[in-house]
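Here is the structure we will look at.
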Amino acid sequence: MFIHSRALKLQRKLSELVRIGPNPTNVEIVAGLDVSYRGKDFGVAVAVAIDRNTHKVLDCAASRGKVDIPYVPGLLAFREAALMIAALESLSIKPDVVMVNGHGLAHPRKLGIASHIGVVLNISTIGIARHYLYGKIVSENSENKILIEDKLVGYVIRTPRGGKLYVTVGHRVTPDFARRITQELLKPPFSLPEPIRLADQISRRIVRSYV
DNA sequence: GCGACAG
DNA sequence: ATCTTGTCGC
């Protein structure tokens, strides 16, 4: 079952394992992870693998099931990580880096869902969030940096339509690599990088197909 | 006590 | 995130 205090303790423990860089080499496959819900406790997670150069979909997989843990700000991973990991491991190919819908190090205990998944699977991950959660935003050189304990962990970037996107280090990537790969896969007129956008779109279609 | 609060 | 159709606008 779910013990709030245990969750906090686990996050503080796992956060010690998070690494900023080094970046993966020869990045050709980028995956995106997202979860949609039917009602309040039935979720569908989808993993989409994209070719970093052609932006074509290489593979796609889904995982669904009852979700008993409620959403609590700061504890999102306990609600969604299991389904996301199941979907990710169902892919027939291995991504070089994974984008997760949620924050990475920009988190109260430095362990947003992107970092959580990165540490648990020991893979490179990037957090992609549409809303602010935690951290100091500093405008510098016409760019908005996200600082945690005075350390750079990511950037707030602008989407083609003027919206904001919080891009942060999940695990084993640098802030600049996270931003660069995100920009590369951010195709107008969309406001989310392709891997996440497709995972989001596909997961809601699956969910909505359930009458 | 007050405000903030990913998906 | 989800409950929800059409509609106004770039």
Side-chain angles (χ1 to χ4, degrees), chain A residues 2 4 7-8 10-11 14-15 18 32-48 62-88 98-120 125-137 144 146-148 153-171 175 178-179 182 187-193 195-211:
Chain A
F2 183 64
H4 193 93
L8 300 181
L10 177 57
Q11 290 188 325
L14 294 180
S15 70
V18 177
L33 247 34
D34 190 32
V35 181
S36 288
Y37 297 87
R38 184 67 186 185
K40 218 52 178 173
D41 62 6
F42 186 76
V44 174
V46 166
V48 179
S63 177
R64 58 201 136 186
K66 189 170 184 299
V67 178
D68 297 306
I69 300 175
Y71 165 69
V72 176
L75 300 180
L76 177 64
F78 294 92
R79 175 173 167 77
E80 305 189 333
L83 278 180
M84 282 186 171
I85 289 174
L88 182 61
V98 177
M99 299 181 123
V100 182
N101 194 331
H103 289 286
L105 281 173
H107 176 279
R109 289 166 295 284
K110 297 178 290 186
L111 196 81
I113 190 167
S115 297
H116 186 119
I117 291 175
V119 167
V120 168
T125 60
I126 296 171
I128 302 293
R130 321 181 71 141
H131 303 288
Y132 173 86
L133 172 65
Y134 191 78
K136 183 189 303 178
I137 309 299
N144 300 318
I146 302 176
L147 278 41
I148 295 296
V153 300
Y155 297 92
V156 181
I157 67 176
R158 284 294 175 176
T159 64
R161 283 182 173 174
K164 291 179 179 175
L165 213 50
Y166 296 80
V167 180
T168 56
V169 171
H171 186 51
R179 176 176 60 177
T182 298
K187 313 270 291 185
F190 307 115
S191 52
L192 285 173
I196 294 289
R197 181 182 75 79
L198 291 169
D200 174 74
Q201 182 190 78
I202 295 170
S203 63
R204 355 170 48 119
R205 280 205 327 234
I206 292 176
V207 149
R208 292 180 60 191
S209 72
Y210 269 109
V211 54

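None of these values were measured; they are calculated from a predicted model.
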Can you check the [X] [atom1] to [N] [atom2] distance for me, whole Å?
X        : N     : atom1 : atom2 : value
A:Phe78  : B:dG7 : CZ    : P     : 18 Å
A:Ile206 : C:dT2 : CD1   : P     : 13 Å
A:Gln11  : B:dA6 : CD    : P     : 14 Å
A:Leu111 : B:dA6 : CG    : P     : 16 Å
A:Leu76  : B:dC5 : CG    : P     : 15 Å
A:His107 : B:dA4 : NE2   : C1'   : 14 Å
A:Ile196 : B:dG7 : CD1   : P     : 11 Å
A:Asp34  : C:dT2 : CG    : P     : 8 Å

When you measure from the side-chain N and O atoms of [X] to the phosphate of [N], is any distance below 4.0 Å, counting only OP1 and OP2?
X        : N     : answer
A:His131 : B:dG7 : yes
A:Tyr132 : B:dC5 : no
A:Arg208 : C:dT2 : no

Could you tell me whether [X] contacts a base, only the sugar-phosphate backbone, or nothing, with contacts defined as non-hydrogen atoms closer than 4.0 Å?
X        : value
A:Tyr37  : sugar-phosphate
A:Arg130 : sugar-phosphate
A:Leu75  : base
A:Gly74  : base

Counting heavy atoms from C-beta on, name the nucleotide in C:dC3, B:dG7, B:dC5 closest to the side chain of A:Glu80. B:dG7
From the set B:dA6, C:dA1, B:dG7, return the single nucleotide nearest to any side-chain atom of A:Lys40. C:dA1
Angle between ring planes, A:Phe78 versus A:Phe2, binned at 30° and 60°: parallel, tilted or perpendicular?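 Rings of A:Phe78 and A:Phe2: tilted, 30 to 60°.
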Just wondering, do A:Gln201 and A:Phe190 contact through their side chains at under 4.5 Å, heavy atoms? no
A cation-pi test, strictly: NZ or CZ of A:Arg38 under 6.0 Å from the centre of the six-membered ring of A:Tyr210 and no more than 45 degrees from its axis. Yes or no? no
State whether the number of non-hydrogen atoms from other residues, nucleotides or ligands found under 6.0 Å of A:Tyr134 atom OH is greater than 12. no
A:Ser191 side chain to A:Thr159 side chain, donor-acceptor N/O pair below 3.5 angstrom: no
